[in-house]
Amino acid sequence: MSPTGRKLVIISMDAMVREDLEYAKTLPTWGYMLEHGALVENIREIYPTLTYPTHQSMISGMYPDKHGVINNIQFVPGTLTTPWNWYHDVVKKPDLMDIAKKNGLLTASVSWPVSGRHPSIDLLVDEIWPLDVNAEADVYVSTFLGSGTSPELMEAVVQPYVELRMKRKQPGTSWFSTSCAADIIRSYSPDIITVHLTVIDGYRHDSGVFNDHVKEGIRESEEMLRTIVEAVKFSGFLDITDFCIVSDHGQIDIDRACCPNVLFRKAGLIETDKDGNVTGQKVYAFPTGCSCQIVLDDPKDWETYAKVQKILNDARMSGKYGIERVYTKEEAEKEENLSGGFAFILEGDGHTCFSLDWHGEKAVVPTKYKANHGHHPDKGPDPFFLGFGPDFKEGVRLPGARIIDEAPTYAKILGLTIPEADGKSIDGMLSL
C-alpha cells in the first residue's frame, strides 16, 4: 500500500489529442470522467515527439538527456527491421516504478514502452513483438517470457489473449493490452499500474490526423477505458483509486519521406555490396518519425563530420528534401534537452517524415503513412492530461503543463517523490 493509501491507474492513449475530447465527451465513460475530473488541456511534449522517449519522460519526469532514451529503435545499421528499445537497461535513471517498488508498493505494467526486464515491475507484460511478422503463438509466448513476464502471469493473464497480439492490427493489439491489464487489476490489485493503448495512434498513421476512422478509434478507446474501470470496481478499490488518462504526442499529416541514407550512400559514406546490403558506413541516419538522428561511426572523425554537415545543409537549402532545420548535437542539448550518440538532428518541414532506407536513387519517396509524429513539439495538436478520482479537483481546467510534470504528479498522489525529476507536480489539479 502507498503512503497515502491510494492506488493509481495510468492509461496512455497513444496519439490522442485535446481536440479528440470534443467527441470523447459524448461517450459515457469519457464523458463522466471529463465532467467530474481535472483536465490539463495542452501538454508540452519533449523532442522528439516519439513514443518511447516520451513514455520514459512520462514515468520519470525527466528529459531524454537525463533518462537516456532518445529513439524508438536501436542503433543497428543495415536493416529495415531494426529492433526497438524494448528493454529497460537503456534507461540511465530511476523512474517512478523504481521508487514505488523501493517503498513496498505492488507494481504492474502492460505494454508500457521501455519496460522490458524492468527490475522494479512485479507484474510485467512488456510492449514487445517478434521481428518475424509470421511468428507463431509459441514465439510470442517465449518473447514475453524473455522480456520479464513471469510464468505464472503468462499462464493466468497473457496466454488467453496472445492471438489478439499476434494479429499486429488495431484494435486487437489494444484489446490485448486492455484485457491483460483488466485481469491483472482483478486478480492482483496492484498499487500502481501503467497501461499503453495504441489504437488511436494506429488509425492516425493509417488515415490522417482528423477523420472518421480516428473517431472510430476514440469510440473503441471508450470501451477499453470502461473495461479497465470495471476491473477496478470489481477489485473493490474504486473509492481509493485515482485514474490518470494521458497521451504522449499528437501527429501531423505527411505526404512523403526523406531518405538521408541514400544521400550518404551516393556520397560514398555508406558502402554496399552488389546486392545492396550495407557492408560499412561512416555515417548513418536513424529516423525518429518527422525528425532524424544522424550518427557518425567515429564521432571524432572531423573530416567526415564536416562532409556530412555540408551534405545536410546543402540538402536543407535546396528545399527538395523536406528538411527544415539541421541541429548540431550541442544545439539539440541546449534547446531541447536532447543528447545521445548522434552528431546532428534533422527536423522535417511539417509534411515530411524520414526513412531508414538506403536503396535506390531517389532520396525523397512516397510514404505508407498518412500521418506521423517525432516532430518538434511546437508542431501539431497537443496531448492532454485527464485526472479522475479522489485526489483530483472536480471540474478544474488548466491551460497547460509539461509532459515531464506528469511523473511528479503521480508520485505526489502516492506520497512519493522522484528526486532527480526535471518536472514538478501539477498541484492545480490536485485536492491533496
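Note that the coordinates shown come from a computational prediction; the quantities given were computed from them, not determined experimentally.
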**Request:** Verify the distance criterion only: is there a donor paired with an acceptor across the side chains of Thr367 and Arg256 at less than 3.5 Å?
**Result:** no
**Item:** Polar contact flag, side-chain donor to acceptor under 3.5 angstrom, His67-Ser57
**Value:** yes
**Interatomic spacing from OG in Ser339 to CD1 in Ile345 - rounded to 0.5 Å** = 10.0 Å
**Prompt:** Would a line drawn from the ring center of Phe176 to the ring center of Phe144 be shorter than 6.0 Å?
**Reply:** yes
**Request:** Examine distances only and state if a side-chain atom of Arg397 and a backbone atom of Glu41 form a donor-acceptor pair shorter than 3.5 Å.
**Result:** no
If you look only at distance, which donor and acceptor atoms sit under 3.5 Å apart when one is on a side chain in residues 132-140 and the other is two or more places apart or in another chain?
unit_1, atom_1, unit_2, atom_2, d
Asp132, OD1, Asn134, N, 2.9
Tyr140, OH, Arg168, NE, 3.1

**Prompt:** Can we call the ring centroids of His205 and His373 under 6.0 Å apart?
**Reply:** yes
**Sub-4.5 Å side-chain heavy-atom contact between Lys92 and Lys66** = no
**Prompt:** Relative to each other, are the rings of Phe286 and Tyr284 parallel, tilted or perpendicular (30° and 60° limits)?
**Reply:** tilted
**Prompt:** Given Arg44, which of Asp405, Asp382, Asp378 fulfils the side-chain hydrogen bond (donor to acceptor under 3.5 Å, both in side chains) condition?
**Reply:** Asp378
**Item:** Donor + acceptor pair across side chains of Asp126, Ser115 (<3.5 Å)
**Value:** yes
**Message:** Checking Asp98 against Ser120: is there a side-chain donor and acceptor pair closer than 3.5 Å?
**Reply:** yes
**Short side-chain donor-acceptor distance under 3.5 Å, Trp30 and Ser221** = yes
**Request:** Check the side chains of Glu347 and Ser291 for a donor-acceptor pair under 3.5 angstrom, ignoring hydrogens and angles.
**Result:** no
**Message:** A side-chain contact here means heavy atoms from C-beta on lying under 4.5 Å apart; do Phe243 and Met33 qualify?
**Reply:** yes
**Request:** For residues Asp422 and Tyr63, report the shortest heavy-atom separation together with the two atoms involved.
**Result:** OD2-N, 2.9 Å
**Request:** Carefully, step by step, assess Phe264 and Trp358 under the rule ring pair (Phe, Tyr, Trp, His ring centres under 6.0 Å).
**Result:** CA-CA 8 Å; Phe264 297 149; Trp358 63 90; over 10 Å; no
**Item:** Heavy-atom side-chain contact between Arg18 and Pro381 under 4.5 Å
**Value:** no
**Short side-chain to backbone donor-acceptor contact, Asp248 and Thr54, under 3.5 Å** = no
**Gln56 (side chain) donor-acceptor with Pro53 (main chain) under 3.5 angstrom** = no
**Asked** Does any N or O in the side chain of Asp191 come within less than 3.5 Å of the main-chain N or O of Leu106, such that one atom is a donor and the other an acceptor?
**Response** yes
**Pairwise salt bridge (charged side-chain N to carboxylate O under 4.0 Å, His left out) hits with a residue in residues 268-297, at least two apart** = none
**Prompt:** Could you give the distance from CZ (Phe388) to CG (Leu39), rounded to the nearest 0.5 Å?
**Reply:** 13.5 Å
**Prompt:** Who pairs with Ser177 by side chain to side chain contact (heavy atoms under 4.5 Å, CB included), at least two apart in sequence or on another chain?
**Reply:** Val110, Ser111, Leu197
**Qualifying residue, where the test is side-chain hydrogen bond (donor to acceptor under 3.5 Å, both in side chains) with Gln251 and the options are Asp201, Asn372, Thr49** = Asp201
**Request:** Provide the full list of salt bridge (charged side-chain N to carboxylate O under 4.0 Å, His left out) pairs with a residue in residues 109-120, sequence neighbours left out, each pair given once.
**Result:** none
**Result of checking Ile193, Asp242, Ile245, Thr194 against Ile10 for side-chain contact (heavy atoms from CB on, under 4.5 Å)** = Thr194
**Message:** Are the side chains of Val308 and Leu296 in contact, using a 4.5 Å heavy-atom criterion?
**Reply:** yes
**Asked** Within a radius of less than 6.0 Å around CD of Glu303, do more than 12 heavy atoms belonging to other residues, nucleotides or ligands occur?
**Response** no
**Request:** Would you sort out whether Thr288 and Asn72 count as a side chain to side chain contact (heavy atoms under 4.5 Å, CB included), showing the intermediate values?
**Result:** CA-CA 7 Å; Thr288 46; Asn72 283 356; over 6 Å; no
**Request:** Report yes or no: does His375 contribute a side-chain atom to a donor-acceptor pair with the main-chain N or O of Cys290 at less than 3.5 Å?
**Result:** no
**Gln170/Tyr203 under side chain to side chain contact (heavy atoms under 4.5 Å, CB included): CA gap, chis, key distance, verdict** = CA-CA 8 Å; Gln170 299 293 355; Tyr203 289 174; 3.6 Å; yes
**Message:** Would you say Gln293 and Asn71 are linked by a side-chain donor-acceptor pair, where the criterion is simply a distance under 3.5 Å?
**Reply:** yes
**Message:** If only side-chain N and O atoms count, and only distance matters, is there a donor-acceptor pair under 3.5 Å linking His359 with Asp357?
**Reply:** yes
**Asked** For the atom pair CG (Leu269) and NZ (Lys307), what is the distance rounded to the nearest 0.5 Å?
**Response** 5.0 Å
**Prompt:** Is it the case that Asp14 and His196 place a side-chain donor and acceptor less than 3.5 Å from each other?
**Reply:** yes
**Asked** Does some side-chain heavy atom of Glu406 sit less than 4.5 Å from a side-chain heavy atom of Ile43?
**Response** yes
**Message:** Within the structure provided, determine whether Ile404 and Met62 are in side-chain contact (heavy-atom separation under 4.5 Å).
**Reply:** no
**Asked** Side chains of Val9 and Val229: does their closest heavy-atom pair fall under 4.5 Å?
**Response** no
**Asked** So Val278 and Gln281, side chain to side chain contact (heavy atoms under 4.5 Å, CB included) or not? Walk me through it.
**Response** CA-CA 8 Å; Val278 173; Gln281 73 285 325; 3.7 Å; yes
**Prompt:** Which pairs pass salt bridge (charged side-chain N to carboxylate O under 4.0 Å, His left out) with one or both residues in residues 143-165, sequence neighbours excluded?
**Reply:** none
**Message:** Are more than 12 heavy atoms, taken from residues, nucleotides or ligands other than Lys266, located less than 6.0 Å from that residue's NZ atom?
**Reply:** yes
**Request:** Look at the rings of Tyr410 and Phe385 and say which category their plane angle falls in: under 30° parallel, 30 to 60° tilted, over 60° perpendicular.
**Result:** tilted
**Request:** Please confirm whether the backbone N or O of Ile323 pairs with a side-chain atom of Arg316, one donor and one acceptor, at under 3.5 Å?
**Result:** no
**Prompt:** Cut-off 3.5 Å, side chains only: do Asp183 and Ser187 have a donor facing an acceptor?
**Reply:** no
**Asked** Please, which pairs that meet ring pair (Phe, Tyr, Trp, His ring centres under 6.0 Å) have at least one residue in residues 311-336, sequence neighbours excluded?
**Response** Tyr47-Tyr327
**Side chain Ser174, main chain Pro171, donor-acceptor under 3.5 Å** = no
**Request:** Let me see the working for Glu45 and His376 under side-chain hydrogen bond (donor to acceptor under 3.5 Å, both in side chains), right down to the final yes or no.
**Result:** CA-CA 9 Å; Glu45 306 131 296; His376 191 277; over 6 Å; no
**Message:** Using modelled atom types and a 3.5 Å cut-off, is there a donor and acceptor pairing between side-chain atoms of Thr82 and backbone atoms of Ile73?
**Reply:** no
**Asked** Are Leu346 and Glu324 side-chain neighbours, meaning at least one heavy-atom pair lies under 4.5 Å?
**Response** no
**Prompt:** What distance separates Ser247 OG from Asp20 CG, expressed to the nearest 0.5 Å?
**Reply:** 8.5 Å
**Request:** Hey, could you give me the CG/CE distance between Leu386 and Met16, rounded to the nearest 0.5 Å?
**Result:** 9.0 Å
**Message:** Whether the Asp349 and Thr352 side chains hold a donor-acceptor pair (N or O, under 3.5 Å, no angle test) is what I'd like checked.
**Reply:** yes
